[in-house]
A.B. asks: 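Submitted below is the structure of interest, expressed as structure tokens.
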Amino acid sequence: MPAWLKDAVFYEIYPQSFKDTNSDGIGDLEGIIEKLDYVKSLGCNALWLNPVYDSPFKDAGYDVRDYKKVAPRYGTNEDLVRLFEEAHKKGIKVLLDLVPGHTSEEHEWFKKSCEADRNEFSDRYIWTNGAFCGIGGHPYIGGEAERDGCYMLNFFKCQPALNYGVLNKTEEWQTPCDSEAAIDTREAMKDVMRFWLDKGCDGFRVDMADSLVKEDDDKKSATGRIWTNIREMLDKDYPEAALVSEWCNPECALKYGFHADFYLDHHGNGYNVLFRDNETEGPDNSYFNKNCDEDPMRFLDDYLGRYNNSKEYGYISFITCNHDTPRCTKTMTPDELKIAYSFIFTMPGVPFLYYGDEIGMKYLDYVRTKEGGFQRTGSRSPMQWDKSLDNFGFSDAPFDKLYIPVDKDENAPSVKTCEEDENSLIHTVRDIIALRHKYEDLQADAEFKVVYAKKGERIFVYKRGDLLIAVNPGLKEVSAEIPAQDLKTNLIFKLGSADISSGNICLGAQSFAIWQ
Ligand code: NOJ
């Protein structure tokens, strides 16, 4: 386990939309380098960049054409190495996005794989042995290649699935997961990882990490073996490199070798019921919605098992949002977000802040889809630096040349306006992250314990190590009796109003407090 993860706070940058320095309307690596001090000023000491590789961009770069080349629109390989170096000088680690489950249909491997004559890449993807048969219920394409077969897809039509074999072979065209072809794919992915690790990257966020072996068992043990093998390479040659999975199953992902696994917004899970329980008709029942009556029990019922069964192996990563998820501002106000983020940054594991969430950037539901984003596009709009500048200082390009339009709302927040307003969200974000760095008990592996949570009650009290933390997201005053052994009385952080006396915590409307 890389020691730096213990105190890591990540900032996710969607490179298209962060900062454009060459006026082409799209963000670039130079722009990220320019803004490293800003990232640092938030207290973030690590970055996750969405894919920056060469791509036809039919899925915003998750359709990789060349894993070893930076997309010209972002800069060059040398620029990326410079970003690693500049970030390291400021104490910031950089994770790239590894997309191991599929490539673009324009990748050289795939072009070779489509050829009728057998070659080194014929089994790099998953092909049937006839152009007219199905592919075991998975999505597939037929009739596009000279080769007499159909190929499996991993996501969009442009993303053919790489072949890591199957656990139990039942069809003639399948390859076992321990076959030479499957191992070649794994080794090719390790080669990509080594390429960037040798250039100074600090690890990877792994896209669809559970998707490798298509016919696997319930525990994904064959996919797991691949990650265990990859982790062995890291432990041996790159012990400081971190591996974070898009899996949302820490019991599996962390045991197989990931250092951290995202708690993603999946309908009805513990993460979803906290912030985004509003995707269906009816009222918004998210715990952090100030107007509802929700208690923290639905969250805890889901989270505690995940946490207890995985904490000895690695970390769960809470996120404020990501590039696939509607920003919380779709339904939440800055006051609600202050409480929600204070909770996120005081939970165990390695937290991720999505760019712009620190100023409460809006989810833009009116923007047209861009590069396969569809409804996700609303969370991918340009960073709002300074309202007095064109395009909020994101880019000097004319408005109609921007990758995605900037927020047109005249009340849209910007870094500058938020910094000038002492009551704004960015200050809470900075304060709570600073506190996390100051107190080891708020960091990744300090023990988490529920002190008070009851069905039908809004208040939630928990401990991290020796610190006592209490949350009230609602509008009514609440209180809770605290067992003597858990009581702490020295207030070190407060939003709203908080009192503790004679073993009783009393929190005013929309309050959050930490005692030492
Ligand atoms: C998950 C990524 O986060 C998403 O943006 C992408 O479209 C799919 N995986 C496919 O790679």
Side-chain angles (χ1 to χ4, degrees), residues 10-18 27 47-67 71 74 95-107 109-110 125-126 138-141 151-164 185 189 192 203-212 214 220 223 227 243-249 253 258 260-267 269 271-272 276 317-327 352-357 363 367 369-381 403-404:
F10 276 85
Y11 192 71
E12 179 190 345
I13 292 182
Y14 188 71
Q16 289 88 322
S17 294
F18 199 55
L47 292 177
W48 155 30
L49 307 184
N50 295 108
V52 291
Y53 318 107
D54 182 43
S55 165
F57 293 105
K58 291 184 176 169
D59 183 17
Y62 283 96
D63 47 332
V64 180
R65 185 163 50 200
D66 184 346
Y67 289 102
Y74 298 131
L95 297 199
L96 296 180
D97 211 316
L98 185 74
V99 189
H102 50 267
T103 65
S104 156
E105 61 199 345
E106 294 184 22
H107 195 291
W109 297 344
F110 186 66
Y125 298 81
I126 306 173
H138 297 275
Y140 69 96
I141 298 288
Y151 59 91
M152 195 182 286
L153 300 174
N154 212 32
F155 197 67
F156 285 155
K157 182 255 162 193
C158 61
Q159 292 157 319
L162 283 162
N163 182 21
Y164 293 88
T185 310
M189 211 42 67
V192 168
F204 300 91
R205 172 270 187 185
V206 178
D207 187 67
M208 295 172 70
D210 62 333
S211 76
L212 305 191
K214 298 304 171 204
K220 300 259 177 184
T223 298
W227 291 116
L243 214 49
V244 182
S245 48
E246 186 198 29
W247 193 319
C248 201
N249 184 344
F258 283 95
D261 182 40
F262 285 115
Y263 206 2
L264 297 168
D265 181 40
H266 289 169
H267 185 69
N269 78 0
Y271 176 80
N272 173 268
R276 295 180 178 81
S317 282
F318 278 85
I319 58 175
T320 60
C321 186
N322 68 21
H323 62 288
D324 294 330
T325 308
R327 289 192 191 265
F352 281 68
L353 174 65
Y354 185 54
Y355 82 96
D357 276 354
Y363 172 78
V367 292
T369 181
K370 184 78 182 183
E371 295 183 346
F374 301 97
Q375 76 274 16
R376 305 177 295 181
T377 312
S379 293
R380 300 175 175 184
S381 61
Y403 174 77
I404 293 170

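Note that the coordinates shown come from a computational prediction; the quantities given were computed from them, not determined experimentally. Residues take their numbers from the sequence shown, with the count starting at 1. Counting starts at 1 for both ligands and their atoms, in listed order. Atoms considered below: every heavy atom in the structure, side chains included; atoms not considered: hydrogens, waters and symmetry mates.
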A.B. asks: Can R327 be said to sit on top of Y355's aromatic six-ring, NZ or CZ under 6.0 Å from centre and within 45° of the ring axis?
C.D. replies: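 Ring-cation test returns yes.
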
A.B. asks: Do you know the tightest heavy-atom contact between H266 and C248?
C.D. replies: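 Result for this residue pair: CE1-CB, 3.6 Å.
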
A.B. asks: Is it the case that D63 and S55 place a side-chain donor and acceptor less than 3.5 Å from each other?
C.D. replies: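 Yes, S55 and D63 have a side-chain donor paired with an acceptor closer than 3.5 Å.
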
A.B. asks: Can you tell me which residues line ligand 1 if we count any heavy atom under 4.0 angstrom from one of its atoms, in chain and number order?
C.D. replies: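 Residues D59, Y62, H102, F155, R205, D207, M208, E246, H323, D324, R376, R380 each place a heavy atom under 4.0 Å from ligand 1, listed by chain and number.
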
A.B. asks: Answer with yes or no whether the side chains of Y62 and N50 bring together a donor and an acceptor at under 3.5 Å.
C.D. replies: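 Distance-only check passes for N50 and Y62.
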
A.B. asks: Does either side chain, that of Y125 or that of T103, offer a donor lying less than 3.5 Å from an acceptor on the other one?
C.D. replies: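 Judged by distance alone, the side chains do pair up.
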
A.B. asks: Provide the closest heavy-atom pair for T369 versus T377 in the form atom of the first, atom of the second, distance.
C.D. replies: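 For T369 and T377, the tightest heavy-atom pair comes out as CA-OG1, 3.5 Å.
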
